[in-house]
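See below for the structure under consideration.
The chain is numbered in sequence order, starting from 1. Side chains included, hydrogens not; waters and symmetry mates left out as well; all remaining heavy atoms used.
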Amino acid sequence: MRNFILLILFFTTAFTYAQGTGSVAGKLIDKEYNNEPLAFANVLIKGTTKGTTSDFDGLYQIEDLEVGEYTLVFSFVGYQTQEIKVTIIAGETAQLNVEMGASAAALDAVILAPVTTKRESETALLLEQKKAVEIKQSIGAQELSRKGVSDAAGAVAKISGVSKQEGSSNVYVRGLGDRYLNTSMNGLSLPSNDVNKKNIDLNLFSSDVIQNVSISKAYGAQFYGDFAAGNVDITSKEHKGNFFIDIVSGTGFNTNAIGENFVRSEGTGYFGYYGRYAHDPFAVILSHGVDPESVSTPINVSYGASIGHSFKFENGSKLSVFATGSFENGYEYRTGKNIDFTTVEKKAFEASEEFEYSTTSTAMANVFYRINSDNTLSFNSVFINSSSDEVGYYGIDGNGRNRDAILDTDQGFFQKNIQFDQTRMFVNQLLGNHKSGKLELDWGFGYNRVLSDQPDRKRFSVENYQYALDNDTTTNPTFYSNVVFDNQRYFQNIEDDEYNGRLNLAYEANDNIKFNFGYNGRHKTRQFNNIRYGYDIVDGDYQITDINNLNAVFNLDNLNINDDSNGIYELKVINPYPNLSNTNRPGLNENTYSGKLNIYAGYFDAEITAGEKWLFVPGIRLESFEQNIEYDVINLGNNGVDSKSSEETFILPSLNIKYALNEDQNLRFSASKTVSTPEFKEIAPFVYEDVSTRIGGNPDVLGYSDILNIDLKYEWFFGKSEIFSAGAFTKQIDNPINLVVVGDATGTQRYVRTGDQATIYGFEVELRKNLLVDEDENANLSFGVNATYMKTKQDLYETIDGTFDLAFNRNEDELQGASPFLLNADVSFSPTSFENYKPVANLVFSYFSDRIDALGSGDLGNIVEKSVPTLDFIWKNTIKENFEINFSAKNLLNPTIQYVREDQNLGDVLVVSANGKGVTDYKRGMNIGLQLKYKF
């Protein structure tokens, strides 16, 4: 019935056109750059907010104007604002070409500075949002810079209905998390860099490579069918002007980390690289020690540079080249608790500490070739190296507890975890746009490669650690060795390759109808493997005299070979080579899986203008979906070697309607059917074991979920860079997937289809207002606020019989990952009373309420992520247009980060989460930073 209604709406259109109207069009010329077109300048009708921006070729047009005389206001940052009168005649288009020149005060600076597209500005993006055919919100480089946002994850977290998980890169849109979200760059899909995630870590995209970030919350036929929360699209920076160079350098510190004696993994570099991938893990173990290494004072640094230039040719074509590179690191120190609690306490470290050193290196090159006014080509290449080097000590007070301990279950249990993660990502894209009469062809082709590795994780377990804290040399800790892998070295590798493409042919039949015919395709493969080597402690009486010098223990002299009674340990592997022992010999991979995904889709939509008020966009998509995964895992015994596949064909209708209440106000409606499909990591039953958490996939989730989406939104663009909007939305998800703590002895979290249906109802509101403005209507004092309230409910099966059996002691619950309340707010102060000095001060606040991190099954309560408020202060200081001194103080409130297990008898019990850090009940500390930036 739902599909029938949507299809009826698809074919329901009206064709009328208001009489007695005209339009104005023209071209903006940049006098400061050899009369080149001036892209993305603002063109507004004075006294209203109706207007547009010039395109890449400097062209603009404003349609459907009543007969009469108007004053057009032409403006661009640093250029002289011009007001020109124009007379509109019925049925005609007035031609008005304008030459724009720099204002006298800014002339020198503008000549030196590059022309930047106004797709980065708040005003232009609001105008784009106003004209858009779908419900979408964007945040540009200008706003990112003003708010001190350093990456794409921070960018989307400032958009209404969006929150970011504290201590993680997980992003939630309207209460739906990673598995319901898609990410793309320039309209082409991006891969995941983490085996436990569907989407790329948005922290990896620094603001240096971002022109703007947008979230489309309402579905259109051009998007892949796997769509529920929305699509995040990163538009990469391009350069269109003359030669320029930007240089930036910064430093700072974390208030928790600055006074600590910091340590990092052995074998990792300052820039976040590990140089032993070519070596067999067994050789690495024999050749290199286990102890972390001390580092210098934990001061954060960042530096980078950008360069661009344009080359003009006699035939009128133009080649623009842009390149940027940056490096930044960060030190973070956390003290908190590490507790594993199901229905009983399994393991508890009341006092724990973690040292984390992170790096991000980014390089991007963009080549833009303007063949002529109708044809352009663009090539983007992005390389990102991201690393996290974490050393954790759990039970540092000597009071660690473990119910499986051998010597003392109530005290003395201690664990050390030394872990390095590195991701290297390569994104290459070729894009084109071609126009001919009423036809426009837009296309893109991409190749992505991701190498995500966790090389040589070291984990050690100790009993009687309290003896390491006393002054008695006759009593010492000993190794806990209940099983061989209580002390271990671990190696994990992921390789993703993806080819993807898009094609859209637009045909403008007349002024009222535009048709889009399109194609999307993806071919993605993943290879995963891991291997562990366990230290089997053969000398059960061995005492550890120095817990910080385990190299004195785990070296070749102490390796027990040929039953040598003097040896302390043996190396064990689970999967030995044929005809080789599993002791003191190299082994084969312990777990592997390979995945393949093929998606091929065609779509059609129509943009139908009816009169001056209505815009109808009906669409339909036909998508072929094929997914295959083969796995070989140890935790399922004889059932651990298997393959699963799914082949589906989806028919997905959609309808977007915009009704212009007047020149400044829109009313929007959207309805669509989409699907949700599982990821490789949700299907493969491999289990990843952290210090106190376990997470794995479930082959029973193979298949798909039908989703019905309905949105209603009101928008009022009441001034320059000002907006008020309010929206309501609802979603119905059939047979949803949730992360569930399976009620077994291990407490492993797995992905499970938990019930017949989930529903989401929500309301969101946004306001951006300028309180004080200058003579050019630029804001001196402004504020913005957006809030979202949601109510979610899902059915829960009484029992689930499958690969992993479980039951629920309730028949409904809230949806995992959904915060009932989200809030983002900011205040900006930018006085203009100084001739060569431009300060901008910002306070930026965000908040999310409690949300379910993982559902509990059986008698287990849910794991809940507690609410977190965040407050940042950013102070930018521009001196003579080309020099900046910027100061930031982030996380000023320094809230406590907590995850709790709901328990009927004990109330909320603090626990660690598989989605968070290795500790709970901790503070991140404030991050203080200073940055210098110079533009040549």
Look only at the side chain of [X] and the backbone of [Y], and say whether a donor-acceptor pair between them is shorter than 3.5 Å.
X: K347; Y: D340; result: no
X: N894; Y: M926; result: no
X: D291; Y: L550; result: yes
X: T792; Y: E814; result: no
X: N256; Y: R334; result: no
X: D690; Y: S692; result: no
X: N300; Y: Y331; result: yes
X: N809; Y: G858; result: yes
X: E865; Y: Y899; result: no
X: D389; Y: S265; result: yes

Nearest-0.5 Å distance that lies between atom [atom1] in [X] and atom [atom2] in [Y]:
X: I299; Y: I258; atom1: CD1; atom2: CD1; value: 3.5 Å
X: E353; Y: Y394; atom1: CD; atom2: OH; value: 10.0 Å
X: T870; Y: N824; atom1: OG1; atom2: CG; value: 9.5 Å
X: R532; Y: E590; atom1: CZ; atom2: CD; value: 4.0 Å
X: I737; Y: R750; atom1: CD1; atom2: CZ; value: 14.0 Å
X: D853; Y: I863; atom1: CG; atom2: CD1; value: 6.0 Å

Side-chain donor-acceptor contact under 3.5 Å, [X] with [Y]:
X: S819; Y: S849; result: no
X: Y357; Y: N329; result: yes
X: S387; Y: T359; result: yes
X: Q411; Y: Y465; result: no
X: Q422; Y: N385; result: yes
X: N417; Y: Q415; result: no
X: Q466; Y: N464; result: yes
X: N738; Y: T754; result: yes
X: N338; Y: S352; result: no

Assert yes or no for the condition that the ring centre distance of Y569 to F479 is strictly below 6.0 Å.
->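 Ring centroids of Y569 and F479 are no less than 6.0 Å from each other.
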What orientation do [X] and [Y] show, parallel under 30°, tilted 30 to 60°, or perpendicular over 60°?
X: F413; Y: Y480; result: perpendicular
X: Y533; Y: F491; result: perpendicular
X: F686; Y: F528; result: tilted
X: F821; Y: Y847; result: tilted
X: F355; Y: F262; result: perpendicular

Should E350 and R401 count as an ion pair when the cut-off is N to O under 4.0 Å?
->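 Yes, charged N to carboxylate O under 4.0 Å.
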Pairs meeting criterion salt bridge (charged side-chain N to carboxylate O under 4.0 Å, His left out) with involvement of residues 469-494, two or more places apart =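 For residues 469-494: D456-R489.
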Side chains of [X] and [Y]: closer than 4.5 Å at any heavy-atom pair?
X: L571; Y: F282; value: yes
X: F808; Y: V740; value: yes
X: Q794; Y: P736; value: yes
X: I418; Y: V290; value: no

Pairing residues for V864 by the side chain to side chain contact (heavy atoms under 4.5 Å, CB included) criterion, not counting sequence neighbours =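 Partners of V864 by the side chain to side chain contact (heavy atoms under 4.5 Å, CB included) criterion, ordered by chain and then number, come out as D850, N862, K866, V900, E902.
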For the salt bridge (Lys or Arg N to Asp or Glu O under 4.0 Å) test, which of R264, K917, R924 pairs with E356?
->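 Exactly one option meets the salt bridge (Lys or Arg N to Asp or Glu O under 4.0 Å) with E356, and it is K917.
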With R901 as the cation and F341 as the aromatic partner, state whether NZ or CZ is under 6.0 Å from the six-membered ring centre and within 45° of the axis.
->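 No, R901 does not sit over the ring of F341.
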Please indicate whether N555 has more than 12 foreign heavy atoms, meaning atoms of other residues, nucleotides or ligands, lying under 6.0 Å from its CG.
->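 It does: N555 CG has more than 12 such atoms within range.
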Does a sphere of radius 6.0 Å around NZ in K923 hold more than 12 heavy atoms from other residues, nucleotides or ligands, not counting ones at 6.0 Å or beyond?
->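 Count over threshold, so yes.
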